[in-house]
Amino acid sequence: MTAQARDATSLTSAVPVMSPDLIRQVDPGDGVREMSYQEAIREALREEMIGDPRVFLMGEDIGKHGGAFGVTRTLFDQFGGERVRNTPISENTIVGAATGAALVGMRPVAEIMFVDFSGLAMDQIATQAAKIRFMTGGQCSVPWVLRMPQGGGAGKSTAAQHSQSLEVWFASIPGLKVVLPSTPYDAKGLMKAAIRDDNPVVFLEHKLLYAFKGLVPDGDYELPLSRCDVKRVGDDVTVVASGYMVWHAMLAARILEAEGISVEVVDVRTVSPLDEETIGASARKTGRVVVVAEACRSYGPANEWAMVAIERAHDRLRAPIVRVAGRDSPIPFANSLENGVWPSTEDVVAAIRQVVGSPA
Amino acid sequence: MTAQARDATSLTSAVPVMSPDLIRQVDPGDGVREMSYQEAIREALREEMIGDPRVFLMGEDIGKHGGAFGVTRTLFDQFGGERVRNTPISENTIVGAATGAALVGMRPVAEIMFVDFSGLAMDQIATQAAKIRFMTGGQCSVPWVLRMPQGGGAGKSTAAQHSQSLEVWFASIPGLKVVLPSTPYDAKGLMKAAIRDDNPVVFLEHKLLYAFKGLVPDGDYELPLSRCDVKRVGDDVTVVASGYMVWHAMLAARILEAEGISVEVVDVRTVSPLDEETIGASARKTGRVVVVAEACRSYGPANEWAMVAIERAHDRLRAPIVRVAGRDSPIPFANSLENGVWPSTEDVVAAIRQVVGSPA
Amino acid sequence: MEVALQTLLEMYRRMVRIRQFELAATNLFKRGQLKGTVHTYIGMEASGVGVCMALRTEDLIAGTHRSHGHNIAKGADLARMMAELMGKETGYCKGRGGSMHIAAFETGSLGALAVVASGIPLAVGAALAFQMRREDRVAVPFTGDAGSNTGNWHEGLNMAAAWKLPVVFVLENNQYGVSTRIDDVTRIHDLSLRAAGYGIPGVRVDGFDVLAVYEAATTAVARARAGDGPTLLVTESYRVDGHYAGEPEVYRDRAEVAEYRAKDPIARFRSRLIGELAVDILALDAIEAEVAAAIEAALAFAREGSEPDPATALDYIYA
Amino acid sequence: MEVALQTLLEMYRRMVRIRQFELAATNLFKRGQLKGTVHTYIGMEASGVGVCMALRTEDLIAGTHRSHGHNIAKGADLARMMAELMGKETGYCKGRGGSMHIAAFETGSLGALAVVASGIPLAVGAALAFQMRREDRVAVPFTGDAGSNTGNWHEGLNMAAAWKLPVVFVLENNQYGVSTRIDDVTRIHDLSLRAAGYGIPGVRVDGFDVLAVYEAATTAVARARAGDGPTLLVTESYRVDGHYAGEPEVYRDRAEVAEYRAKDPIARFRSRLIGELAVDILALDAIEAEVAAAIEAALAFAREGSEPDPATALDYIYA
Ligand SMILES: Cc1ncc(C[n+]2csc(CCOP(=O)(O)OP(=O)(O)O)c2C)c(N)n1
Ligand SMILES: Cc1ncc(C[n+]2csc(CCOP(=O)(O)OP(=O)(O)O)c2C)c(N)n1
Ligand SMILES: [Mg+2]
Ligand SMILES: [Mg+2]
């Protein structure tokens, strides 16, 4: 099941009808506020900067301007230009300088404005930062976070060089941790963990999620890197997804609930190193697996989740695994083409129906 | 089945006992010579340069020096420094300049000295060259070839920044073609096709194969890009592999022949776009699949081959697919560690035994 | 420098075409009739037009995220440009590219790439092809001030200089990269000084003065054609609009913007044409009317076109 | 510049240590006792030693593929260096790195990275940390002539200059990048001219003269410590060995090599020490003997060590 296969005129992928109560991770109450994914990231940055003088931010236009998506807005006013540092347009050097600062004990949070520009920085990300600790026999470590917005959709028409999902570039390189949160709660807790982690953490933020709201506790909490999160418990089929795709999965699950299909949703919120155990356990329980990723289908990240399910649950699988993924295409500008490029909720619904063997 | 799982002290991966007659693609005779993989590439470059004035080579030290592996040796003497052009150390610009020249009608063959340095050039490879044709609605095309040696093994100890297998970075980007030949015959025919192709073709050459010999016809022949090649016909199990791993697969097949296990070997010599049909057909025929890649296991290229086998042959699969892949680690320098980092023939043998259900 | 009347009028025409196009695009964008993003060239018209008027059709430019102006300066058709902004099949890029990737190959383009400075290597490679084929052509990549801090920029200037390629590197210093003043991310104020590091001439001109730009570009282009290698040409101007249409501009004073808006290169050229060069005011008014009509026609053409058929989604990925 | 006798002798010692280490390594490599590859620093000792003697232990260097010399100049232990070259657990990098990634953090290293110029951003980042923490420390990345054509190099100099970071960029012009003469890939001959593009001082010194390098480095380091920002320091030398041990050198005349070999920075320094500076010849002979013994001890130590235990294969991938 691929994006190609479905009616490209469907508008579902362009209309995020997801509401925050699809995913409820904390109960409302004292010390819990509703905030957006973007606010949650900002809050994590702010709290970590207050708590640890080693933490600082660097990236293009993250100062007064607040970054291309406003994530760092207000931080410049609070912390000043030394700790919220506008850089020249020098992606490889932004990352490399973060590495250098990290090697001498700082905890930089660097930003590349769009993940699409990481092609300029892959050397410092994958060939230097990921490997220095290993190559030097553990003489050093590289505790940085690299924030990069990725993904597309909703008719935004940011076209081929501002819309990609590239987690497979990073996840295929040992030595990096790769995070892709799907909710405000996860974003805050994972950002805190990422900053405190002693490894280089690639922190991917989905652009369409920035405005999504959810409940987030005040103050300090950390979520473990390298664990998947079961966002919904179910019995009949496991959907493994990450980032924005988790919302398609949750919505699909709700839709199919009415038909009596019980869907478990495993959120790969830490893409790498992968928590194989949680995926394996869920696959063993349900015996049916759908994997969903926004990235292009061929050689995409969802393949890994499928392989893990096979390796850990093959004797329990009752149906072949089905993948849902982006079209193998550069991202087009025109809405008529953009609409079909990414998976939609219907794609996920159809894939689930396929594995449970019920007709559409 | 992963490299980790086996006895890391095994030396098989370091000892290429493969002999040319393991793969026989042409019969000896007039107009057929034995030559190395490296010579075959050079012959293709030479013939294409003779036949087409638009073809030229650019890269670091490819002139008199002949490149890091001697592939272009003698070409400088024959064609001069204008068409065999030493560049500054400027990887992104080497690729981008090749794109610019290609856009105005040349057919550049650019070289990056080791695929590990492609991290510096991913922007021009994946974000520019791969997408320009699409982004401009077909106003142009980018007929270049980008040669990059990759891979490691045989106790060469080139360590973490000169040994990687990175095909997944390229294969996950639509718009690129990705080739990884396993034999001299394939290398020559695929190089000719790559140069004549109107798309950007990433041509990966396995360093350990440069010295491997095989029979190659004189003069002109082209092999299709985007087809897998069935290197060995068999009935019981399909091994899908590419590059150096094809030799492990062939050797494994020969070893298991004695036990009456008939192995089909599908060589993914064009990694992308993937010839799903051949993989699917072989999987349907044998009902058992092992996928083998040298790259790191997690989020590695072999996953795609496995997914295609599932999508195209799930109703015929009689055993879960098993993957064999490199260890999730930067490449270590010391032989004692390097030995275990890549798959060996024994790993492939063990994986085949696993899928056919026979005890080791 | 003696410039023919016809050339002067054509310069004026192209500048006005850019201005009117950008105003129309901004207007559409603000009314929600354009998707994506719009980076206008308003206030910088003299730079692109001065450079492109010094070029022939067969010379090539490489664009950026801010290339409506470059394309129009090089002679692109307004209707197909506008259709592209609207994502129509009738646009230059058949709706696949949009504002940030708009490029008219028929009028001499190597593409418009939105990754800052990534067009530099393309121009270097095209120039290499020209040199190898002994063609009398020049390649001209545009970048901004901020773009000159990228690795691509350095590698490209070095390679072109080493090989004496026919390139004119146009660095449009509009003083900002998004919100960041060039002076905050580069220690030198005169960016043309960088040419010394490559052994090529560095020239700095008033980017509000189309004739000054034209003259400097003509010299640089002649040098390139003569086989003497590249030039770095810095045009000093200002970005009077936000980085993109609707950008909040929290990083600068309105007074600063107003000061530079007053330097309007079109108004300035117009008074010079009328005052110093004795051009008939009616001729200029006629140009403005003609352009206004062309914009109307472009809008109509663009609206009329349809978006690409989803059945063609896989076209143009491979050749 | 007045230099204390003790300092002079330490310079001499470090240069001899580098030379002897490289000769021993080459010898091992040619006899097949080393895996991987060996890029020697022979003939360039004055550059690394002149620079590192101007540094304190807490100042940091960033290395390259050719960093045996840089490490020894900064004070690294010969035995752990040699053990690393042999891939032993007792090596600085526990056998994981080998010759191209050898780095002794305890003596002030940021790592040795084999991708040309990739150490530049590391040094810039470390210097940024020093500046933010108001630490009196300097970061010194080494690169070659060819390395100065990379995008990293430009981005790093620009960023450090813009922020006035305490960095001394040492560009070791040994005239070749592998087989390629710098003059064939760069139009300027005096690479220090590039400093003008960043608004920082560019200094060019004889890289065969350890005292000249030391003096220039001392000035640059003082400038950095004073908060006045980076300097580009070009040391002019030559690579007398092949690019790596055993490299065929088809691209240059033996006569050219012989001419430069005659400039041997150690022999030159020795005669100057004896002639001009009245150093006792016996003191120098003693140093040589001491180093020879240290090399023997290093070889023994390295041979004695064992390769990493395969059971530890997954160590150090994550912290
Ligand atoms: C490599 C890269 N980094 C960041 C961006 C995001 N971005 C788009 S335009 C821009 C500023 C460019 O400034 P300048 O080069 O001066 O051109 P101007 O916009 O002023 O015309 C930035 C940072 C990008 N497109 N590419
Ligand atoms: C980015 C990159 N490109 C190519 C190489 C291969 N390579 C290793 S050393 C070298 C030449 C470096 O020359 P230079 O910077 O002058 O240093 P030198 O070897 O002369 O000390 C090259 C091309 C590399 N390691 N990294
Ligand atoms: Mg600007
Ligand atoms: Mg050199």
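Reminder, nothing fancy here: chain letters follow the sequence lines and each chain counts from 1. None of the values given here were measured: they were computed from a predicted structure.
Between B:Arg327 and B:Glu338, none of the side-chain N atoms (NZ, or NE/NH1/NH2) sits under 4.0 Å from a carboxylate O, so this pair counts as no salt bridge. At a threshold of 4.0 Å, the pair B:Asp315-B:Arg284 counts as salt-bridged, since one of the basic side-chain nitrogens sits closer than that to a carboxylate oxygen. For the pair A:Glu277 and A:Arg312, the salt-bridge criterion is not met [side-chain N within less than 4.0 Å of a carboxylate O].
Across B:Pro332, B:Ser298, B:Pro301, B:Gly137, the residue that shares the most heavy-atom pairs under 4.5 angstrom with chain A is B:Ser298. Contact count against chain A (heavy-atom pairs under 4.5 Å) is highest for B:Asp123 among B:Ile310, B:Leu120, B:Asp123, B:Asn92.
With a 4.5 Å cut-off on non-hydrogen atoms, A:Gln128 touches chain B through its backbone and its side chain both. Contacts of A:Ile173 with chain B are made by side-chain atoms alone, with heavy-atom separations under 4.5 Å and no backbone atom involved. Interface remark: B:Leu317 contributes no atoms to any contact with chain A (heavy atom separation under 4.5 Å). With a 4.5 Å cut-off on non-hydrogen atoms, A:Leu274 touches chain B through its side chain but not through its backbone. In this structure, chain B has no heavy atom under 4.5 Å from any part of A:Pro273. Proximity to chain B involves both the backbone and the side chain of A:Ala171, based on heavy atoms less than 4.5 angstrom apart. Using a 4.5 Å cut-off between heavy atoms, B:Glu167 makes no contact with chain A at all. Only the side chain of A:Glu276 comes within less than 4.5 Å of a heavy atom in chain B; its backbone stays farther off.
Below 30°, between 30° and 60°, or above 60°: for B:His162 and B:Phe117 the angle between ring planes is above 60°, a perpendicular geometry.
Counting only heavy atoms from C-beta outward, the side chains of A:Pro330 and B:Pro174 approach each other to under 4.5 Å.
Using a distance-only test at 3.5 Å, with no hydrogens or angles considered, no donor-acceptor pair links the side chain of A:Asn199 to the main chain of A:Val201.
Applying the side chain to side chain donor-acceptor pair (under 3.5 Å) criterion to B:Lys177, with sequence neighbours excluded, gives B:Asp197.
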